[in-house]
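One structure is given below, encoded as structure tokens.
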Amino acid sequence: MSSTAIADEFESHRPRLFGLAYRMLGSAEEAEDTVQDAYLRFSGADRAGITYPGAWLAKTVTNLCLTRLTSARARRESYVGPWLPEPVVTSDGVLGPLESAEQRDAVSLAMLVLLERLTPTERAVYVLREAFAYGHREIAEALDLSEANCRQLYRRAEKRLALAEGRFEVTPQRQEELVASFLTAARDGNLAVLERRLAADVTWWSDGGGKVTAARRPIEGREKVLRFLAGAFRGFAAGFTLTVAELNGAPGLLAWDGDTLAGTVGFVCRGGQIVGVQAVVNPDKLDFVRRQLA
């Protein structure tokens with residue numbers, strides 16, 4: 001097979017491989033690097049040993065991700081402040097179809113944070129099963145494990161995640177309304193409107209990674225979050241602007257300092273209210289979104 005044919009074959013699988021790597025790693029930059037590593041292995045592999053390229057590539061990417069997750073855990077233990085996944089603008093289909101509530105939830109920042117509770121192998125089993133509808137036999141072949149072991153790992157992952165009921169309770173339309181209310185309140189500096197939209201136990205996470213000024217601990221409770229936002233809204237009055245975008249399958253906000261993307265804001269909604277806000281302001285984590293928007 002010519003190098004051009006190999007490249008064309010690989011490109012037909014790239015979107016799916018990127019979606020797999022991103023769900024495994026929670027980092028768009030690392031996902032891109034992982035997919036490129038997989039291409040190098042694919043282009044140099046003996047074609048006679050590859051019966052099904054898609055399965056071969058998925059197995060390769062999964063195992064590359066497992067290696068990366070081991071080193072990532074050590075880095076995250078010394079991370080400055082709360083760690084959040086890298087956001088991705090999903091309106092361009094970069095993570096594949098997100099037509100159902102379950103598909104959108106699977107790529108949400110909240111779910112990617114939850115996946116950090118799992119061991120790397122548990123995460124691989126869960127992602128392959130939930131996001132890509134792999135059977136336990138296919139997962140076993142991808143991870144070189146027994147079917148029984150994969151079933152056990154999947155059950156353990158479900159238990160660890162302790163998925164709360166009502167995760168799909170808020171419709172996209174309702175979330176759009178809540179985000180629009182937040183945007184209006186931010187532009188007008190109207191905390192009274194926002195107070196009605198925030199749950200009593202709302203939590204605000206800011207991921208600055210020590211690179212920019214950001215809260216280094218989660219801010220918990222409506223009153224504390226409102227006090228924090230009172231100061232943040234003064235920043236918007238001084239020149240920052242907000243625009244709406246689809247981030248990780250749900251309505252979110254982009255924060256701009258002039259023409260420069262300064263952060264993203266994601267929302268966790270339940271019971272008709274905002275129960276969590278996830279602000280990513282670490283400039284290193286915004287590179288992928290910047291390229292998407294360029």
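Nothing fancy with the numbering, it's 1 onward along the sequence.
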Side chain Asp207, main chain Trp83, donor-acceptor under 3.5 Å: no

Met111 and its side chain to side chain contact (heavy atoms under 4.5 Å, CB included) partner, picked from Val113, Leu109, Leu115: Leu115

N/O donor-acceptor pair under 3.5 Å between Arg290 side chain and Pro283 backbone: yes

Arg47 bridged to Glu9 by N-O distance under 4.0 Å: no

Under 3.5 Å side-chain donor-acceptor pair for Ser181 and Arg197: yes

Option among His136, Glu130, Glu122 that satisfies the side-chain hydrogen bond (donor to acceptor under 3.5 Å, both in side chains) test with Tyr154: Glu130

Parallel, tilted or perpendicular: rings of Tyr22 and Phe18 (30°, 60°): parallel

Arg123 side chain reached by Arg23 side chain, heavy atoms, under 4.5 Å: no

Arg104 side chain to Glu99 backbone, donor-acceptor under 3.5 Å: yes

Side-chain donor-acceptor pair present, Glu11, Tyr39, cut-off under 3.5 Å: no

Donor-acceptor contact below 3.5 Å, side chain Gln278 vs main chain Gly266: no

Arg155 side chain reached by Lys159 side chain, heavy atoms, under 4.5 Å: no

Ring geometry between Trp56 and Phe42 (parallel below 30°, tilted from 30 to 60°, perpendicular above 60°): tilted

Donor-acceptor side-chain pairing of Thr203 and Trp205 below 3.5 angstrom: no

ILVMFWY network linking Val268 to Leu178, side-chain heavy atoms under 4.5 angstrom: no

Whether Phe267 and Phe182 hold their rings parallel, tilted or perpendicular, with breakpoints at 30° and 60°: perpendicular

Flag, side chain of Asn63 to backbone of Ala142, donor-acceptor distance under 3.5 Å: yes

Salt-bridge criterion met for Glu29 and Arg291 (N-O under 4.0 Å): yes

